[in-house]
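To keep things clear, I will list the structure first and then write my remarks on it.
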Amino acid sequence: MRTALIHEPIDAAALLQEVSSHGSGATTLFLGTVREVNDGRDVSGIDYTSYEAMAVRELAKIATEAVEKFGTPHVVVEHRLGALGLGDVSVAIAISHARRGPALDASRYVIEQLKQRVPIWKREHYTDGTREWVDPTRHGVAAPSGGAA
Amino acid sequence: MRTALIHEPIDAAALLQEVSSHGSGATTLFLGTVREVNDGRDVSGIDYTSYEAMAVRELAKIATEAVEKFGTPHVVVEHRLGALGLGDVSVAIAISHARRGPALDASRYVIEQLKQRVPIWKREHYTDGTREWVDPTRHGVAAPSGGAA
Amino acid sequence: MNVRVLLFASYADALGTDSLQVDVPAPSRVRDLLAAIQERASHAVPPAPLVAVNSEYADLDQVLGADDEVAIIPPVAGG
Amino acid sequence: MNVRVLLFASYADALGTDSLQVDVPAPSRVRDLLAAIQERASHAVPPAPLVAVNSEYADLDQVLGADDEVAIIPPVAGG
């Protein structure tokens, strides 16, 4: 298990390598990426900021919960901070498990918990030159929220 | 959308690239890999064989269903055939979507349907020199089945 | 009529071949063909396996033509 | 006592700073600190935001010490 906040591009292939194991029959990778439209506005990029001391601890707690809940030590999560452009990967979650069910469940668990608990914020930049902090709580449950994922 | 049966190693990074899109906020990759123990027996490798003419069609049908059901064209599935060793990737499912929920759901849909419908068979080779066709229907629902995933 | 039957994996091993030509009356249904195969090779193939006709899953009542290619599908194990 | 308060993202923008020193009586609870912040900067921070004390989520009744570092957490938006 490993979790990290990083300020460089995420290397998804390296994460897959890191969780690979001869005991695993299934590997899942989840990537969050910066998408070009959010709430109907044209996005040109996103700045990710964080309360790093706390985010590091909260990320590690979530991964530990996943390890205990789904019974695999092969959980690696990286979240990138800083200025990201369209298509850039903001978060990567790599998990391997003997069986596919828990590998898929664990991947979903980590991204859902991360989005609820880890103190990371994003400010979207729009093509019209404006920028705004994203507030997922302003939207109804059914509406897409967040610029990435 | 693209599906294929291939006889060479699967290039997971290339599949991620293939489904990437500025309209996507979430990308999922599922990999099935050959694991070293199945039903308590030590596995040394697996031969994958197929009724290729039908498997090609059935794989394409499943991907088409996923495209329609989850509303993203970014679905790529490759299944490898032939002699695979421990840790080798037998199947890769790459999907990207504007939002994470449908990306995760689509990944699970494709692997579950693939395991039920696509005419591919595997013969496990064990470290004691024996080999056997895998029959997932011999097991109860709760038991792990299959050498990979 | 003579129907071409494809066998795979454990069924091909059990019958020692990956295809058969099976003579059945015209018209015949999938279940009639399976009964004929059971006569030739009882226990090698279960009485009601998955069957595909021309690369599509078919049910036991599907009517067969002489040019149809029928595949007997062992429990699939992809992934 | 003087408690150090960290602000982030939209809250830091609204208050024009990423930290405050807030004077509250000892002992005080998280809710007392939030009331003091509301007095200084009403509308910039909602009345009951998420709060962390020493990098752990805390509830409104948690008692604060002078050395505690309190963070006011805007709606998180990671991923």
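To find a chain, count down the sequence lines: A is the first, B the second, and so on, and within it residues start at 1.
There is no contact between A:Ile95 and chain B, counting heavy-atom distances below 4.5 Å. Of the atoms belonging to A:Asp11, not a single heavy atom falls under 4.5 Å from chain B.
Note on B:Glu112 versus A:Arg100: salt bridge recorded, some NZ/NE/NH1/NH2 to OD/OE distance being below 4.0 Å. Using a 4.0 Å cut-off between charged nitrogen and carboxylate oxygen, B:Arg108 and A:Asp105 count as a salt-bridge pair. Residues B:Glu18 and B:Arg2 are paired through a salt bridge, judged by an N-O separation under 4.0 Å between the basic side chain and the carboxylate. Between B:Glu8 and B:Arg80, no side-chain nitrogen of the basic residue sits less than 4.0 Å from a carboxylate oxygen of the acidic one, so the salt-bridge criterion is not met.
Annotation for A:Gln17: atom CD does not count as buried by contact number, only 12 or fewer foreign heavy atoms lying within 6.0 Å.
By a heavy-atom distance cut of under 4.5 Å, not one residue of residues 53-65 of chain A is near chain B.
Each of B:Ser20, B:Gly87, B:Gly23, B:Ala13 has some count of heavy-atom pairs under 4.5 Å with chain A, and the biggest count is that of B:Gly23. Among A:Ile93, A:Val89, A:Thr28, the residue making the largest number of heavy-atom pairs under 4.5 Å with chain B is A:Thr28.
B:Trp121 is not listed as a side-chain neighbour of B:Tyr48, based on a closest heavy-atom distance of 4.5 Å or more. Residues B:Val110 and B:Val77 form a side-chain contact, since some pair of their non-hydrogen atoms from C-beta on lies under 4.5 Å apart.
Listed for the A:Thr33 side chain is a donor-acceptor partner under 3.5 Å among the backbone atoms of B:Ser24.
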